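Here is the structure we will look at, set down as structure tokens.
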Amino acid sequence: MGRKFFVGGNWKCNGTTDQVDKIVKTLNEAQIASPDVVEVVVSPPYVFIPMVKSKLRPEIQVAAQNCWVKKGGAFTGEVSAEMLVNLGVPWVILGHSERRGLLAESNEFVGDKVAYALSQGLKVIACVGETLEQREAGSTMDVVAAQTKAIAERIKDWSNVVIAYEPVWAIGTGKVATPAQAQEVHVSLRDWLKTNVSPEVAESTRIIYGGSVTAANCKELAGQPDVDGFLVGGASLKPEFIDIINSATVKSA
Ligand SMILES: O=C[C@H](O)COP(=O)(O)O
């Protein structure tokens, strides 16, 4: 079976209850491609998750933007994987570059989080990606491979993992990777999985792209053979997110 197109909307630290209501209404009223063609997940800030879950059409799933690295307890300000499971939240984004960069989350810490979240039954969108400096130094693949390796060393089952390749220089900057740049890293990542995990995992794991994806550039990116979907930031707060979801039909055309 082929890899089902996957579109995630990462709302980051944005929104008021009124704005969230508006986004949910837009999503609920939109004509979106069938769940057979595209898997759609939106990721509101923690505080809005119950509200979004209760109002959103059932074909669209919900993700948290982070969770704690182990069982909950005396960790002020954190939210545990167990709590997400308890609330019926199926997905979590881990290792986003904003957390790796601003909050100094190491490859190992992210790997531990991925392993723990999976062990609790969550599905994980695991983010990897290089900075501009690293790209210019020619170390893109080394960086992305090291980030992926820290995950691979800690998990056995990849069936509940989606890898999001998000070049840091493309996030929120309007500087989208060209389809060729995205494809180049996606295919290298898939090769890395083939060599270091297994051909089956390489073939079945979805590798999605994130970084300034918009309605205007999504179709060309979606046309790349190893781009299996998107993790969208800014545009996921706008009606154009619907067009990005529907770019899945490029694959099934
Ligand atoms: O998680 C999403 C990414 O950080 C992309 O954000 P962006 O679409 O605003 O560039």
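Numbering of ligands and ligand atoms starts at 1, following listing order. Computed from a predicted structure; not experimentally measured.
Among all non-hydrogen protein atoms, the one lying nearest atom 6 (O) of ligand 1 is Lys12 NZ, 3.2 Å. Here the protein heavy atom with the shortest distance to atom 3 (C) of ligand 1 is Glu166 OE2, 3.0 Å. Counting only heavy atoms of the protein, atom 9 (O) of ligand 1 lies nearest to Gly234 N, 2.8 Å.
Look at Arg3 and Glu203 and you find a salt bridge, because one of the NZ, NE, NH1 or NH2 atoms lies within 4.0 Å of a carboxylate O, short of that distance. Ionic pairing of Lys55 and Asp21 is present here: one or more N-O contacts between side-chain nitrogen and carboxylate oxygen are shorter than 4.0 angstrom. Between Glu108 and Arg154 there is no salt bridge, since none of the side-chain N atoms of the basic residue sits less than 4.0 Å from a carboxylate O of the acidic one. A salt bridge does not link Arg100 to Glu105: none of the charged side-chain nitrogens sits closer than 4.0 Å to a carboxylate oxygen.
The shortest N or O to N or O distance between Leu231 and ligand 1 is not below 3.5 Å. On a distance-only criterion, Ile171 and ligand 1 share no N/O pair closer than 3.5 Å.
Of all atoms in ligand 1, listed by their number and element, those nearer than 4.0 Å to a heavy atom of Asn10 are 1 (O), 2 (C). Residue Gly172 has at least one heavy-atom neighbour below 4.0 Å for each of these atoms of ligand 1: 7 (P), 9 (O), 10 (O).
For Phe6 and Trp91, the gap between ring centers is short of 6.0 Å.
Summarising the contacts of atom 8 (O) of ligand 1 with Gly9, Ser236, Gly233, the nearest heavy atom is found in Gly233.
Close to ligand 1: Ala170, with a non-hydrogen atom less than 4.0 angstrom away. Using a 4.0 Å cutoff on heavy atoms, Ser212 counts as a contact of ligand 1.
Heavy atoms from other residues, nucleotides or ligands lying under 6.0 Å from CD of Glu82 number more than 12.
Two residues are said to be in side-chain contact when any heavy atoms from C-beta on lie closer than 4.5 Å; Phe230 and Ser247 meet this criterion.
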